[in-house]
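This is the structure I have questions about; it appears just below.
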Amino acid sequence: MDNEYFTIQQASEGIWGAISVPGSGSLGNAAIIDLGDKTVVVDTTNLPQSGALLRHTAEQLTNKPVKYVVNTHFHGDHVNGNQEFMSSEFISTVWTRELLSDMGEVNIGHMQQNIQKLITSLDHLRSQQRDNHMLTEIDYDLSVQRTLYDAIPFLSRVIPTITFEDKLVIQGSKRTIEVLSYGGGHSLSDAVVYVPEEQTLIAGDLITTKTIPVMLYGNPYAWIRILKRIQKDLKINTIVPGHGDVSNSDRIMDVLNFLEKMIAYVTKAVTSGKSESYWLEQGVLQGYEDWHLPQYFRWNLRWLFNSMLVQNNR
Ligand SMILES: [Zn+2]
């Protein structure tokens with residue numbers, strides 16, 4: 001069932017994670033859920049070609065076509081494979097639908113320009129690095145951006161048609177899923193899919209495994225509240241995270257700790273009077289040096305540093 005873009009990790013009975021393979025050009029996990037009489041896919045990866053393989057794998061694993069696709073949030077690494085599910089119905093929060101719809105049709109030239117800029121900045125960052133882990137991770141990211149660049153002319157946007165505010169339940173003959181949203185923390189609006197019978201959560205990017213959580217343009221304070229609510233409300237044994245391997249509920253605590261430490265660290269940085277570049281030179285926060293996406297640590301730091309500076313100067 002594995003292919004060059006993702007490996008299939010069984011999370012629990014009837015639930016599989018499609019876990020992106022670093023360096024393959026693929027980014028963002030997806031999940032496949034067999035409800036008995038119908039099949040649901042959660043997120044569609046960053047590329048049409050891996051989206052097509054995901055649909056094929058879901059049909060093979062469950063012997064049924066994919067009836068519903070849930071988009072946990074609007075980020076490209078979770079929705080770019082949507083176009084390969086044209087006979088499915090798409091589900092998202094009202095906000096995620098708005099965001100996807102406001103983006104309009106893919107502007108090929110504009111998107112190519114943006115990705116080219118990102119590739120140039122990654123190349124530049126790479127030339128300044130000596131740390132092996134950072135170099136490997138930047139190479140993974142470059143493979144993602146270059147593969148995406150080539151796919152841009154073939155991308156088309158698919159907008160969800162079924163929307164919900166905070167909870168949508170889909171009953172199946174074998175198991176039921178709850179599509180839940182507690183607002184936005186990682187993005188402006190984040191949804192998760194909970195399968196009570198299997199005590200399994202498909203978490204989108206609210207929860208990651210050994211991967212630096214991406215905080216840019218999100219709301220870390222709301223994110224912390226959302227994770228505490230998930231801990232309190234849902235009984236969870238297994239998690240299919242947005243990035244990294246299938247794991248258990250300890251990953252919630254990992255992300256909570258990271259967000260809290262990050263807020264404390266950047267608060268200290270802002271009040272220190274030292275410059276942003278001084279803090280960027282300090283490297284990744286202690287304890288997180290071996291996590292995936294260390295380049296996002298820098299981008300998180302820069303973003304949070306500047307948003308806190310703005311707040312302090314108000
Ligand atoms: Zn995301």
Side-chain angles (χ1 to χ4, degrees), residues 5-6 17-20 22 25-31 41-47 50-51 54 69-82 90-93 95-100 102-103 111 114-115 118 122 137 140-141 144-145 147-148 155 157-160 179-193 201-224 226-227 230 239-247 251-252 254-256 258-259 262 291-304:
Y5 295 112
F6 55 80
I19 307 302
S20 136
S26 135
L27 185 71
N29 293 339
V41 159
V42 184
D43 288 341
T44 59
T45 78
N46 64 323
L47 297 167
S50 50
L54 178 66
V69 175
V70 178
N71 284 147
T72 58
H73 63 299
F74 77 102
H75 290 163
D77 56 328
H78 295 261
V79 305
N80 284 349
N82 279 3
F90 282 75
I91 299 170
S92 77
T93 65
W95 259 104
T96 295
R97 184 192 189 279
E98 287 282 298
L99 288 161
L100 284 168
D102 284 352
M103 285 159 82
M111 194 170 172
N114 284 339
I115 299 298
L118 186 54
L122 282 167
E137 290 286 330
Y140 289 163
D141 204 350
V144 166
Q145 304 311 333
T147 315
L148 176 60
L155 276 186
R157 203 93 64 203
V158 178
I159 313 294
V179 191
L180 304 168
S181 179
Y182 302 112
H186 161 73
S187 74
L188 289 170
S189 176
D190 296 300
V192 296
V193 176
L201 185 76
I202 294 100
D205 281 353
L206 286 173
I207 303 167
T208 53
T209 300
K210 285 199 83 173
T211 303
I212 301 286
V214 175
M215 299 164 77
L216 276 74
Y217 314 114
N219 179 338
Y221 302 96
W223 195 340
I224 289 168
I226 291 169
L227 291 177
I230 287 175
I239 292 178
V240 180
H243 297 270
D245 291 336
V246 169
S247 191
R251 301 292 79 76
I252 305 175
D254 284 355
V255 177
L256 268 174
F258 176 84
L259 295 172
M262 194 71 192
W291 281 26
H292 291 295
L293 302 183
Q295 67 276 31
Y296 276 95
F297 181 85
R298 298 174 57 85
W299 294 331
N300 282 343
L301 178 67
R302 183 178 289 164
W303 174 75
L304 203 54

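In each ligand, atom 1 is the first atom listed, and ligand 1 is the first ligand listed.
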Worksheet item: Can you tell me how far CD1 of I19 sits from OG1 of T45, rounded to the nearest 0.5 angstrom?
Response: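 Nearest 0.5 Å value for the OG1-CD1 distance: 12.0 Å.
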Practice prompt. Sort by chain and number the protein N/O/S atoms found under 2.8 Å from the Zn ion (ligand 1).
Written response: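 H73 NE2, H75 ND1, H186 NE2, D205 OD2, with waters left out.
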Worksheet item: In terms of side-chain heavy atoms, does D245 have a donor or acceptor partner in T209 at a distance below 3.5 Å?
Response: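 Looking only at side-chain atoms, T209 and D245 do not form any donor-acceptor pair under 3.5 Å.
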Worksheet item: What residues form a salt bridge (charged side-chain N to carboxylate O under 4.0 Å, His left out) with R251, not counting sequence neighbours?
Response: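 R251 satisfies salt bridge (charged side-chain N to carboxylate O under 4.0 Å, His left out) with D254 once adjacent residues are dropped.
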Practice prompt. Quick one: closest heavy-atom pair of I239 and I252, and the distance?
Written response: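 Minimum heavy-atom contact is CD1-CG1, 3.7 Å.
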Practice prompt. May I have all residue pairs that pass side-chain hydrogen bond (donor to acceptor under 3.5 Å, both in side chains) and include part of residues 181-190, sequence neighbours excluded?
Written response: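 Qualifying pairs, neighbours excluded: H73-H186, H75-H186, T93-S189, H186-D205, S187-D190.
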Discussion item. The criterion is side-chain contact (heavy atoms from CB on, under 4.5 Å); which residues satisfy it with P220, sequence neighbours excluded?
Written reply: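 Counting only residues at least two positions away or on another chain, P220 forms a side-chain contact (heavy atoms from CB on, under 4.5 Å) with M215, I263, W303, L304.
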